[in-house]
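Structure, as structure tokens:
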Amino acid sequence: MPATFSRRCLGCLLLLLLCTRVSGGTPAGPAVATEKLKPASKQNSQSVSEHEIVLSGAPVEKSVSVPSPTKVELTCKLDENSHLKDPQVTWKKGSETISHTSKSRNSWTIQLTISDSSHLGTYTCILKGEKELSAVFHLQVPKIEGREKPIITYEGDRAVMVCKTEYNPKAWIWYMNMTNGTGQVSIDKVLPTDKFLIKRQSAKVSRLEILKLTKEDRGVYWCEASFDLGTSEARFELRVLSFTAPLKPFLAIVAEVAILVTAIALLEVYSKRKEKRGEKESDQIEQLKSEDVPRRRK
């Protein structure tokens, strides 16, 4: 009986010790609700695009591309070597005066929330003192790289137009201004695909190919990229020449040379005739002189 009781007590002690280790070594008490701190969601946290202009002695302008809603921080900073001391600082959006949100030593900053296209535009930081300095920020939809010079090609050949941008647009659209008077036409919806090929090489690059060119294909083309805050476009001018077009300058030169050669030949003929007339006149004079001498002797 004592041995059985000892074994039971030893079992109870082991069970109690095990429960104590599992519970953390503290006696059971009232339950307390705890919650771990979770990191902020990346979707809720909006990054700030920071842009700065350092002013020394001349006005400075900077273009800022804004493809989608975001927060933008603009800073104008006075160069350390500038002699402009304690300037009066004014921020403007267009002609409207706005207040700057923060200031540090020789630095003035505004923070903007760009939620739609109405917040885009020109923001100017004006520093007035002994002289006036200005920093101009142009907030705009991303521009598209196109081609400024006309594309010149020939009938039967093909033309290639490429549009690029630094940001991913929502969509690309190509248009053509028809020369037959029908006006603007969306190429990807109206014109035949065996004639006009649109290739999206990547999200940032769109390519238009026009095959078997004719004179009717000449005109103005442009691509349009759509962003959350608006659209941006690039313009192309296509000129289609016939195969005889390169010969026209050559034919014009040949005609000018022929005219020049003819004029020289006529001039030479006229000169020779004039010389012959001169020789005849001189012969006649000599003959008259020779006839006049015997008469005087008589």
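Evaluation of the salt bridge (Lys or Arg N to Asp or Glu O under 4.0 Å) test over residues 229-240, restricted to residues two or more places apart or in two chains, returns Glu237-Arg239.
Other residues sharing the hydrophobic cluster of Leu260, ordered by chain and number and joined by side-chain separations under 4.5 Å: Ile264. With a 4.5 Å cut-off between side-chain heavy atoms of Ile, Leu, Val, Met, Phe, Trp and Tyr, the cluster of Val136 takes in none.
A heavy-atom distance below 4.5 Å is not found between the side chains of Val220 and Leu238. Counting only heavy atoms from C-beta outward, the side chains of Ile126 and Val89 never approach each other to under 4.5 Å. You'll find the side chain of Asp157 stays beyond 4.5 Å of the side chain of Leu211, heavy atoms only. At a threshold of 4.5 Å between non-hydrogen side-chain atoms, the residues Leu229 and Pro67 do not count as touching. Under the 4.5 Å side-chain criterion, counting only non-hydrogen atoms from C-beta, Tyr154 is not in contact with Ser242.
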Take Val66 and Phe227, measure what side chain to side chain contact (heavy atoms under 4.5 Å, CB included) needs, and give me the verdict at the end. CA-CA 9 Å; Val66 187; Phe227 298 92; over 6 Å; no
Would you check, one step at a time, whether the test side chain to side chain contact (heavy atoms under 4.5 Å, CB included) holds for Lys195 with Ile210? CA-CA 6 Å; Lys195 174 78 172 180; Ile210 309 174; 4.2 Å; yes
If you apply the rule side chain to side chain contact (heavy atoms under 4.5 Å, CB included), what do you find for Ile53 with Phe137, and how did you get there? CA-CA 9 Å; Ile53 290 180; Phe137 297 87; 3.6 Å; yes
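Looking only at distances, no side-chain donor or acceptor of Lys92 sits under 3.5 Å from a matching main-chain atom of Ile98.
With sequence neighbours left out, the ring pair (Phe, Tyr, Trp, His ring centres under 6.0 Å) criterion links Trp172 to no other residue. Contacts of Ser118 classified as side chain to side chain donor-acceptor pair (under 3.5 Å), with partners at least two apart in sequence or in another chain: Asp116. With sequence neighbours left out, the salt bridge (Lys or Arg N to Asp or Glu O under 4.0 Å) criterion links Lys62 to no other residue. By the side chain to side chain donor-acceptor pair (under 3.5 Å) test, Glu61 is found to be paired with His138, residues two or more places apart in sequence or in another chain being considered. Checked against side chain to side chain donor-acceptor pair (under 3.5 Å), Ser226 has no partners two or more places apart in sequence or in another chain. By the side chain to side chain donor-acceptor pair (under 3.5 Å) test, Ser115 pairs with His119, sequence neighbours left out. Lys128 pairs by the salt bridge (Lys or Arg N to Asp or Glu O under 4.0 Å) definition with nothing, not counting sequence neighbours.
For Lys212 and Asp217, the salt-bridge test fails: no basic side-chain N is under 4.0 Å from an acidic carboxylate O.
In this structure, Phe196 is a member of the same hydrophobic cluster as Phe236, with clusters built from ILVMFWY side-chain heavy atoms closer than 4.5 Å. Linking ILVMFWY side-chain heavy atoms closer than 4.5 Å, directly or via other members, places Val64 and Tyr123 in a single hydrophobic cluster. Cluster annotation: Leu267 is not connected to Ile259 through the hydrophobic network of ILVMFWY side chains, with a link wherever side-chain heavy atoms come within less than 4.5 Å.
Rounding to the nearest 0.5 Å places OG1 of Thr113 at 5.0 Å from NZ of Lys71. With rounding to the nearest 0.5 angstrom, the CD1 atom of Ile187 is 7.5 Å from the CE atom of Met161. With rounding to the nearest 0.5 Å, the separation of OH in Tyr221 from OH in Tyr175 is 15.5 Å. Rounded to the nearest 0.5 angstrom, Gln140 CD and Ser117 OG are separated by 13.5 Å. Annotation: the span from Ile173 atom CD1 to Ser186 atom OG amounts to 6.0 Å, rounded to 0.5 Å. To the nearest 0.5 Å, the span separating OG on Ser56 from CG on Leu133 amounts to 7.5 Å.
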Could you list the donor-acceptor pairs under 3.5 angstrom formed between side-chain atoms of residues 198-208 and any protein atom two or more places apart in sequence or on another chain?
unit_1, atom_1, unit_2, atom_2, d
Arg200, NH2, Ala203, O, 3.4
Ser202, OG, Lys204, N, 3.4
Ser202, OG, Val205, N, 3.4
Lys204, NZ, Glu166, O, 3.3
Ser206, OG, Trp174, NE1, 2.9
Arg207, NE, Glu209, OE2, 2.9
Arg207, NH2, Glu209, OE2, 3.2

Side-chain atoms of residues 72-88: list all donor-acceptor pairs with protein atoms under 3.5 Å, sequence neighbours left out, distances to 0.1 Å.
unit_1, atom_1, unit_2, atom_2, d
Glu73, OE1, Gln111, NE2, 3.3
Thr75, OG1, Thr109, OG1, 2.8
Asp79, OD2, Asn81, N, 2.9
Ser82, OG, Leu84, N, 3.2

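Taking both residues in full, the closest heavy atoms of Cys163 and Ala234 are given as SG-CB, 4.1 Å, listed atom of the first, atom of the second, then distance. Of all non-hydrogen atoms in Leu139 and Ile114, the two that sit nearest each other are CD2-CD1, 3.9 Å. Heavy atoms only, all atoms of each residue included: Ile144 and Cys223 are closest at CG2-SG, 4.0 Å. Across all their heavy atoms, Ser47 and Thr70 have their closest contact at O-OG1, 3.5 Å. Across every non-hydrogen atom of Val141 and Ser232, the tightest pair is CG1-CB, 4.1 Å. For the residue pair Lys215 and Val240, the shortest heavy atom distance occurs at N-CG1, 4.2 Å.
Summarising the local packing, NZ of Lys164 is surrounded by 12 or fewer heavy atoms from other residues, nucleotides or ligands at distances under 6.0 Å.
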